[in-house]
Amino acid sequence: MQFMLLFSRQGKLRLQKWYVPLSDKEKKKITRELVQTVLARKPKMCSFLEWRDLKIVYKRYASLYFCCAIEDQDNELITLEIIHRYVELLDKYFGSVCELDIIFNFEKAYFILDEFLLGGEAQETSKKNVLKAIEQADLLQEVSTEVYYHHCKATAIGVHHRVFGLSL
Amino acid sequence: MALKIVKGSIDRMFDKNLQDLVRGIRNHKEDEAKYISTCIDEIKQELKQDNIAVKANAVCKLTYLQMLGYDVSWAAFNIVEVMSSSKFTYKRIGYLAASQCFHEGTDVIMLTTNQIRKDLSSPHQYDTGVALTGLSCFVTPDLARDLANDIMTLMSHTKPYIRKKAVLIMYKVFLKYPESLRPAFPRLKEKLEDPDPGVQSAAVNVICELARRNPKNYLSLAPLFFKLMTSSTNNWVLIKIIKLFGALTPLEPRLGKKLIEPLTNLIHSTSAMSLLYECVNTVIAVLISLSSGMPNHSASIQLCVQKLRILIEDSDQNLKYLGLLAMSKILKTHPKSVQSHKDLILQCLDDKDESIRLRALDLLYGMVSKKNLMEIVKKLMLHVDKAEGTTYRDELLTKIIDICSQSNYQYITNFEWYISILVELTRLEGTRHGHLIASQMLDVAIRVKAIRGFAVAQMATLLDNAHLLTGNTQRNGICEVLYAAAWICGEFSEHLEDPMQTLEAMLRPKVATLPGHIQAVYVQNAAKLFATVLRKHEGETDSHAAQETSQLLIDRLPLFVQSANLEVQERASCILQLVKYIQKLQQKKVEVAEEVTALFAGELNPVAPKAQKKVPVPEGLDLDAWINKPPSESESEDEKPKAVFAKEEPKHSRSRHTEVDEKELARRREARKREQANNPFYIKASPSSQKVYDAPGVEHIPVVQIDLSVPLKVPGMPMSDQYLKLEEERRQKEKAERKKEKKKKREKRGKERKADSGPESEEDIAPAHQVDIVTEEMPENALPSDDDDKDPNDPHKALDIDLDKYPTVHWFPVQKSSKHKKKKQKKEKEEKEKKKKKRHHHHHHHSNAGGEDSVQNGTVEEEEPLPPMSNYFLLAENSYIKMVYDIQGNHQDESKVVVSVIFENKSDSFLKSMEFNVLDSLNSKLQRPEGAGAHDSLTVPFQLPPGISNEAHFVFSVQSIVMPQKLKGTLTFIVKSDESSTHEKLDFKLHFTCTSYLITTPCYLYDAYAKLLESGDLKGSSLRLEGINMPFHHLLARICFHHHFSVVERIDSCASMYSRSIQGHHVCLLVKTSDQTVSIDAKCDEPSLLGNVLDEIKQTFSKC
């Protein structure tokens, strides 16, 4: 996998992970181009498109688009599975995840992704192991930040309804 | 309430945390940029504080802002600070920020090496984990080189959590530092059988990625992977392995045969679509590679096609799409199997998903035959009519043209039909592909001679109805076809029925609204038509008609003479004068037709697109050389700013340039402007096309607006559908006739066989009329095709390493420090680097010792720390400058050595214009740049401020290496202080020792070493050193370091050592020590080289 982008229906970038070295300028250009392309697609269209010499696999969950770029020989279906697996992980970790969880705790979303994928390859296929690693790492964090983190989650989630259904 | 307390306590610590920032941004939707700039100011303040928590918070916020697209590269150093925090909370944030913000160009990455190394070896697995994760995102070639060892060690960590990360990151390390692949590979292979499934899957991942790029080096792993494939139940791993086999089979067809069975089993049994899809893809790849040798795999192909049909019929758009995608792969080798599913694919053209329709179109391209082309194109034409959205319609259009024109119009039996299809396509409004249709029209009309009459008639109708094409929109791409139409009518005007009418159509005032390049073609071809008309009427008693034509041109052409387009104007005025002259001749009753026709005589042949490229360059012709001397810029009238010139001009002309000062330039510019203003023919920048019509003299020309709201179904124009019917009838008839003929033949033969003729095959369909497709011209003696598309910058290319071969280089060589590092620390660094090099030796020997027990390395035991050593010897010194030097052999080139000289400025003045020169001997020569004379000096590529040192490298070529040699040389330089500058020089003698021709070459197999000694090819010699009181391992280290040897084996106080010269001589030493006496027995295939090396060793030890 070359990179993964999460963006909202409005085209706002929520998370980006690049597994190939690119300059900031190029990253921005790619992001802009891809967000536009994907958002322009109709809802009933398939999840794959060819873009430059890459294949783009994307899926929409509620208001968020998860979008991965893979190489020519890579398997599209397993990439969809990776996206889904990541969504499941987010869901388990945050407890019915919504877009706001990812906005306000974007570093956590990255930590989870980093436990799941490394250098663009799946490093752990067991959901349980990923979550265990994250929980243990979290335990090492200072208590004060933990308290604060839970507080934020409470306020953020309290106000906004959950929109992140996991229907497939 | 509780929240407030918590928040309050945190506020004391953080001014604003990430959540506040996010909330703030959401609340300032109108003035986001302004809000963020104040936030960045706050962050800058926070970063100045000493509290690491505050810093980490700031960095966390920056990471968020980076995602929003703000530049945070200025905070790179702060990120490193946070990374170095001992608290996991902050370290985690630091590494996250680094992985998001750092890239290869980030210079602070250099500073992180030691911190990362420390974190990698941390006792806490999560510290190691974040370091590995972060590193995977920002690893640079330098980091990869320096940390490769540490990561390799982690591959054998006790915790699988670390092991799997270390294994995965190795792939990134290989990409950045290919030299690490060979030493790391054995351990990586080991991990394929790791007890932890996660580690195993990681190893499979990495090896698969490696093998996909350079499969041939991994063929030997096939049995192991085969075992894994048949035993594993993890779909993720299976998919990778199957993909790997897909890459291997083209190289080893036997493997393919073996694979078919387990793969078909998986296809039958698995319920996971992703695995099924991977299997189908690999089976296809296998069958493609087998197709030459083993044609009998129709069952497997059938199975694949069947499964794909199921996918395509599925309601899931994704499966449908992938099914079509895989189908197109089968199509290439087994078109028959796919063609039977034509119905299904045509059905997909109706799908609501455009991407699926496009896939189906791709498939159709490969499915056409002579038999079904017309039918398929008819279906596509229907879709063109229905299609909403111009992109898809344009795609259909290009596909129709692609399908018809593929492989030199192979499948077209009736070109009249094709021309009418093209004409029908011109009805498309707003298409971008007018030029495509136009070029097809031109191509067909030029290359298919038989069709010209028909084509000309069609094009004449098009020209006559041009107003329908140009329509209302100005920027209508379809008007491009008029370009083709006008050219075809002009060029092949002898086929026109009524050239006069066409000529009239081409000179209508409305033509002036067409784009310039089309008008130009109109004007030029009007002249051709004029010639045709003249010839037609020549010889008639009544010359009225011919004169009328001339008058028509004289009346209409002035419109074009006024055109804003230069080419239209030029051609029109040329032709206008010509016609006026002809008219004069006509009035004198002179026959002119033949001469006018001669203007356009001769046939234009089509030229192959690549013809120009294939013209061989004649011998002795240098295309890059100047024909005349390049124009000197002082004559140039260009208005370019001065600075540009100063940069671009070569040095020698710079002095001339300075003569033209700024004032002079301004004066000239002013004069030129005045001149332009007075010049009526000077066209000022960007004239709008509108101006043309406003200009006086154009207004009074009547513009006839013909606005017909009927579609372009021109009466008498044949429709492609009719052709379809006609064609069917024709084929029926032909078939019948052929049957008759066959019958006759058979009757003649006497009823030998009585078989009914089967369905008509491809070859049976005869073209409607004999078509002579003119082939494209190629130049004589065209060069063979040289399309090498391989990208030389592909990072995977460097990983093409034959891993089965026994390694010759067994550790990670440490590169010499790169030049861009700070000059001040240069020398210290040099020293450090040397030491580091030493450490690397240790480390590697150490890590390899586990694998090969026979190797006992003298330098492993850290009995006493080694004294610092330097290989740099004094070259020369005076009160201004000191030079030290080192000579190293070159691995790649057996006749070259590199002399590294460190220049140190000892004075208080600036040293510049340093020139290094050496008096060459017959044996050794300084390599000078091309074109330099044999005695020219080389400019040292830097200047030295006071107290600074820097290093330069000089390459020497040597012939014989058996004798040491001294070369005399001189360094000249300018000493520049505030008051004065003086020219100084310093003589030196460069000593090429025999040692400098030796290259450290490790020899790990003691057996090989023993064999070499036993072979008897080597001559012996020996040396005794008295009064050496240093530990044995110091002694060995000195020999290794100063004389480029490596230890093969050490047993107590006895060691065997090995080295190799740049020309491949083997040098073996057996070093023994007892009671301050060291005896060295040596063997080498070149006795004089050996003698000199031993002398040099003796000298080394006599110094201490």
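Below, read A as the first sequence line, B as the second, and so on, with proteins coming before strands; counting in each chain starts at 1.
For the pair B/D314 (side chain) and B/L319 (backbone), a donor-acceptor distance under 3.5 Å is absent. Under the 3.5 Å distance criterion, the side-chain polar atoms of A/R60 are matched with a main-chain donor or acceptor of A/A62. Counting only distance, with no hydrogens or angles, the side chain of A/Y110 and the backbone of A/Q16 share a donor-acceptor pair below 3.5 Å. Using modelled atom types, one side-chain atom of B/Q19 and one backbone atom of A/F104 make a donor-acceptor pair closer than 3.5 Å. Between the side chain of B/K176 and the backbone N or O of B/P141 there is no donor-acceptor pair closer than 3.5 Å. Of the possible polar contacts, none joining the A/D24 side chain to the B/D71 backbone as a donor-acceptor pair under 3.5 Å is found. Without hydrogens or angle criteria, B/E278 side chain to B/L238 main chain gives no donor-acceptor distance under 3.5 Å. Looking at B/R92, its side chain never comes within 3.5 Å of a backbone N or O of B/Y126 through a donor-acceptor pair. In this structure, the side chain of B/D196 engages the main chain of B/V199 through a donor-acceptor pair within 3.5 Å. Of the possible donor and acceptor atoms, none in the side chain of B/N234 sits under 3.5 Å from a partner among the backbone N and O of B/S201.
For A/I134, the parts lying near chain B are the backbone and the side chain together; criterion is any non-hydrogen pair under 4.5 Å. With a 4.5 angstrom heavy-atom cutoff, A/N129 does not touch chain B via any of its atoms. For chain A, the nearby part of B/S99 is the side chain; its heavy atoms alone come within less than 4.5 Å. Only the side chain of B/K352 comes within contact range of chain A, with at least one heavy atom under 4.5 Å from a heavy atom of that chain. Neither the backbone nor the side chain of A/L117 comes within less than 4.5 Å of any heavy atom of chain B. Only the side chain of B/L325 comes within contact range of chain A, with at least one heavy atom under 4.5 Å from a heavy atom of that chain. Only the side chain of B/R359 comes within contact range of chain A, with heavy atoms under 4.5 Å apart. In this structure, no portion of B/Y95 lies under 4.5 Å from any heavy atom of chain A. For a residue to count as touching a neighbouring chain, one of its non-hydrogen atoms must lie under 4.5 Å from one of that chain's; by this rule A/K44 touches chain B with backbone and side chain alike. Looking at B/K240, the atoms closer than 4.5 Å to chain A (heavy atoms on both sides) all sit in the side chain, from C-beta outward. Heavy atoms closer than 4.5 Å to chain A are found nowhere in B/D351, neither backbone nor side chain. With a 4.5 Å cut-off on non-hydrogen atoms, B/L168 touches chain A through its backbone and its side chain both. In this structure, chain A has a heavy atom under 4.5 Å from the side chain of B/E209, while its backbone stays farther away. With a threshold of 4.5 angstrom between heavy atoms, B/K91 does not approach chain A through any atom at all. Contact of B/L358 with chain A is not made at all, since no heavy-atom distance falls under 4.5 Å.
Counting heavy-atom pairs under 4.5 Å between each of B/K320, B/H103, B/K243 and chain A puts B/K243 at the top. Ranked by heavy-atom pairs under 4.5 Å with chain A, the first of B/K164, B/Q125, B/E354 is B/K164. Annotation: maximal heavy-atom pairing with chain A below 4.5 Å, among B/Q66, B/M67, B/M273, occurs at B/M67. Among B/G129, B/P197, B/S136, the residue making the largest number of heavy-atom pairs under 4.5 Å with chain A is B/S136. Contact tally against chain B (heavy-atom pairs below 4.5 Å) for A/K17, A/R41, A/E115, A/K28: the top residue is A/E115. Taking chain B as the reference chain and counting heavy-atom pairs below 4.5 Å, the highest number among A/S126, A/A133, A/G120 is found for A/A133. Contacts with chain A were tallied for B/I169, B/T63, B/I356; B/T63 has the most, counting heavy-atom pairs under 4.5 Å. Highest contact tally toward chain B, considering only A/E50, A/M45, A/Q136, is held by A/M45 [criterion: heavy-atom pairs under 4.5 Å]. Considering only heavy-atom pairs separated by less than 4.5 Å from chain B, the leading option among A/K42, A/K27, A/R14 is A/R14. Between chain A and the options B/H124, B/K172, B/E104, B/K165, the largest number of non-hydrogen pairs under 4.5 Å is found for B/K165. Most heavy-atom pairs under 4.5 Å with chain B, from the set A/K12, A/E124, A/E81: that is A/E124.
Within a 6.0 Å radius of NZ in A/K92, no more than 12 heavy atoms belonging to other residues, nucleotides or ligands are found.
At least one cation-pi condition fails for A/R9 and A/Y65: the charged atom is not both under 6.0 angstrom from the six-membered ring centre and inside a 45 degree cone around its axis.
Using the six-membered ring where Trp is involved, A/F116 and A/Y86 have ring planes that are parallel, under 30° apart on the 30 and 60° scheme.
Side-chain atoms of B/I239 and B/S274, non-hydrogen and from C-beta on, do get closer than 4.5 Å to each other.
Here A/F66 and A/Y58 keep their ring centres 6.0 angstrom or further from each other.
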